[in-house]
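Shown next, in C-alpha cells, is the structure this report addresses.
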There are 2 protein chains.
Amino acid sequence: MELQRLDVFQVIADPSRRHMLQLLSKDSLTINSLAENFDMSRPAVSKHIKVLYNAGFISIQDIGRERHCILKQDGFKQLQEWLAYYDNFWGSKLQKLEALLNERSNKQ
Amino acid sequence: MELQRLDVFQVIADPSRRHMLQLLSKDSLTINSLAENFDMSRPAVSKHIKVLYNAGFISIQDIGRERHCILKQDGFKQLQEWLAYYDNFWGSKLQKLEALLNERSNKQ
DNA sequence: TGTATATGTAACCTGTGAGTTACGCAAATT
DNA sequence: AATTTGCGTAACTCACAGGTTACATATACA
C-alpha cells in the first residue's frame with residue numbers, strides 16, 4: 001500500500017475505519033489499544049490510522065513510543081459540506097412545492 | 001458485477017456516482033442522457049444507476065423504453081444520521097470546554 | 001547493556017469493484 | 001413487417017484496496 005491518499009469518501013467507505021472513528025469518539029486511543037478491538041493484525045490497523053490521518057479525520061500525539069489518536073473535525077467537515085448541497089436541494093424542492101400550493105389556493 | 005448491493009458509504013465513494021447525483025440534482029435524466037456526460041460506456045453507467053437505486057439515492061420512472069432517474073432522499077438520510085452522531089460529539093466537546101471556562105472565571 | 005514494548009515499512013497475496021464487449025429484448029419508428 | 005432506439009445482462013479483464021508475514025527502529029525498563 002504505497003499511496004494511501006484516499007479522499008474522505010473513500011475513507012469512510014471502509015467499515016473498519018468507521019468503527020475506529022466510533023471508538024475514538026469515546027476516548028483517544030493508541031494504535032495497540034485500538035487494535036485490540038479488531039480481528040486483524042496490528043500493521044493493518046496502523047495502515048488504517050495512516051489513511052484516517054491523511055484525510056484529516058484524526059490527529060496524532062506522540063508520547064514516547066506511543067501514538068495517541070484523537071478525533072479531528074476536518075474530515076467530517078468536508079462530508080458535511082457535500083451533504084449541505086443536497087440539503088439545500090431538498091429544501092428548495094419543498095419550497096417550490098409550497099409555492100405551487102400557495103399559487104393554487106390563491107387562484108381559487 | 002453480481003451483487004451490487006453496496007451500502008451508502010461505498011456508493012458515494014465513487015467519483016462517477018457522485019457526479020451522477022450532482023447532474024440529477026439539476027434535472028432528472030434518462031440513462032442515455034446521463035451517459036453523454038461520462039467518458040465510459042453506457043452499460044457502465046447503467047450499472048452505476050442500479051447501485052444508486054439499490055442504495056436509495058434515486059428513484060426510477062419507466063416511460064416507454066426510457067428510464068427516468070430522479071434524486072431520492074433516502075440514501076442521503078442515512079449519511080446525515082451517521083454524521084449527526086459526530087456533530088453531537090463536536091457539540092458536546094465544545095460544551096465541555098465552555099463549562100470549563102465558566103468554572104475558571106467563577107473561581108477568580 | 002540487554003530485553004521488552006510500541007510502532008512503521010517492505011513485499012507479497014487476494015478479492016472484488018469498475019470497466020469493457022457482445023448479445024438479447026421490448027418499445028418506438030418507418 | 002422491418003429497423004432503429006433505449007436499455008439490461010452475461011462473461012471477461014484489470015487495477016488496487018485491504019489483508020498478511022517478516023523485518024527494522026526507537027523508546028522504556030531490568
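In the text below, chain A, chain B and the rest are named by the order of the sequence lines, each starting its count at 1.
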Notebook entry, point to check: Which pairs with one or both residues in residues 29-41 of chain A pass side-chain hydrogen bond (donor to acceptor under 3.5 Å, both in side chains), sequence neighbours excluded?
Noted result: T30(A)-S33(A)
Are [X] and [Y] close enough that some pair of their side-chain heavy atoms sits under 4.5 Å apart?
X      : Y      : answer
L21(B) : L71(B) : yes
F57(B) : V51(B) : no
F76(B) : W90(A) : yes

Check: Which heavy atom of A13(A) sits nearest a heavy atom of Q10(B), and at what distance?
Finding: O-CG, 3.9 Å
Rounded distance in Å - [atom1] ([X]) to [atom2] ([N]):
X      : N       : atom1 : atom2 : value
F9(A)  : dA18(C) : CZ    : P     : 15 Å
H19(A) : dG18(D) : NE2   : C1'   : 18 Å
N54(B) : dG8(D)  : CG    : P     : 12 Å
R42(B) : dG24(C) : CZ    : P     : 15 Å
I49(A) : dT9(C)  : CD1   : P     : 13 Å
R5(B)  : dA18(C) : CZ    : P     : 15 Å
M40(B) : dC7(D)  : CE    : P     : 16 Å
D14(A) : dA17(D) : CG    : C1'   : 9 Å

Margin query: Which residues pass the salt bridge (Lys or Arg N to Asp or Glu O under 4.0 Å) test with R17(A), not counting sequence neighbours?
Written below: none
Note to self: Short of 4.0 Å, heavy atom to strand atom, which residues of residues 55-67 of chain B count as contacting DNA chain C?
What the structure shows: G64(B), R65(B)
Margin query: Can you confirm whether the side chains of S25(A) and Y86(B) place a donor and an acceptor under 3.5 Å from each other?
Written below: no
Check: DNA chain D: P43(A) or Q10(A), which has the more 5' nearest nucleotide?
Finding: Q10(A)
Margin query: Looking at the base of dG18(D), is there any donor atom on it, or on the side chain of R17(A), that sits under 3.5 Å from an acceptor on the other one?
Written below: no
[N], OP1 or OP2 - any side-chain N/O from [X] closer than 4.0 Å?
X      : N       : result
S46(B) : dC7(D)  : no
H48(A) : dG19(D) : yes
K47(B) : dC7(D)  : no
N32(B) : dT5(D)  : no

Notebook entry, point to check: Choosing from dA17(D), dT21(C), dC7(D), which nucleotide comes nearest the side chain of S41(B)?
Noted result: dT21(C)
Check: Which one, dT9(D), dC7(D), dG19(C), comes nearest to the side chain of I31(B)?
Finding: dC7(D)
